[in-house]
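Keep in mind that what you see is a predicted model, and the values were worked out from it rather than measured. The chain is numbered in sequence order, starting from 1. All heavy atoms count here, side chains included; hydrogens, waters and symmetry mates do not. Whatever order the structure lists ligands and atoms in, that order sets their numbers, starting from 1.
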Amino acid sequence: MVVTMREKPLKLLWLEALMRRLLKDDVEFHYYQEQYRRLDAGFAGEQKIDRVWHELIYPNTFFVLHNVCLVNTAQHLHQIDTLFICPQFMLVIEIKNIHGRLEFDQHTHQCTRTKVDGTVEGFPNALTQTERHIQFLKDFFASYSLPVEGAVVIANPSTIIVNPSNTLPIFHVSGLHKYLQSLFKKHPKKIMTDNHLTQFVQGLLAKRTIPQIHTTIAPSRFRHGVLCPKCSYQNNMYFHRGIWKCSFCHYRSIEIFAEAMLDYRLLVSHCITNQQLRAFFKINSNDAATRLLRKFQFPYTGTYKDRVYHLPENLLEHMKKFY
Ligand SMILES: [Zn+2]
């Protein structure tokens, strides 16, 4: 059995940074807040379902891949929440963590959620999404005869599913084990050996793509500086003798700088100069900024005066080593 770790999608990290920094009176604040809420709930739902795999007792090798992003021939992205692969079949799982009453209209393909207070909202139809992924995987791996199955799993136990499709199964997470058992019965024949399966999965992982954030928010629309987490990121911290201090609640931290740098990397740029560091983080001293940049040993290009520091992808872990 192999269960890969689920990492926060880049879009969610980006929205988290934006929620810390976007000005509350920004015209798009509520728009991004709603996007953040949906994505955060979705991620929480996926984590809930991940626990099920660890309880699965199955004698053969199987793989559970999370957030699998592949590009089809038309250059459109397929972002699959979970992909279960065993020698008999593969299963695409679309996970929804939506509370309330979830209704599917078979004619319009519209999915609506009705909250307890009666508010009705439209959601992307998970069944249509899953069917799209199934067809794509069938085409993508046409040379393998591994059957492709799909299901929509609801992570929130209180959700009421209304008018589910008769073409694709949709059920609560508690039904996942039973559904897997039914698939093992439906596809008893092993199509691949364990070794072949491992090679197949390695090939699939090599084809993965990382979806990029294409939205840019003008820096004038968000708060600059190192923001105080104890003040819900509403107040600035100032840098004094190597320590960041909140000007409002007097909270002190050295490590908080890493989080602020991550915000900078997510929202502004993957590169930073001494001057940009001083401007963004409101550091007056040139020497203090130089010391900070040197302390974390970021890779750089350019000579001393025009030096550009490159912020690595694993920024938090990288910076942790130097505290
Ligand atoms: Zn504070």
* Going by an N to O cut-off under 4.0 Å, is there a salt bridge joining K8 and E16? -> yes

* Asked: Without hydrogens or angle criteria, can the side chains of N125 and Q129 be said to hold a donor-acceptor pair below 3.5 Å?
  -> no

* From Q79 CD over to D81 CG, what is the distance, rounded to the nearest 0.5 angstrom? -> 8.0 Å

* Structure fact -> Correct closest heavy-atom pair for R221 and Y32 would be NH2-CE1, 4.5 Å

* Taking atom OG1 of T159 and atom CG of L102, what is their separation to the nearest 0.5 Å? -> 7.0 Å

* Measure up the Y264 and F280 rings against each other and bin them: parallel (under 30°), tilted (30 to 60°), perpendicular (over 60°). => perpendicular

* Asked: Protein N/O/S atoms under 2.8 Å of the Zn ion (ligand 1)?
  -> C228 SG, C231 SG, C246 SG, C249 SG

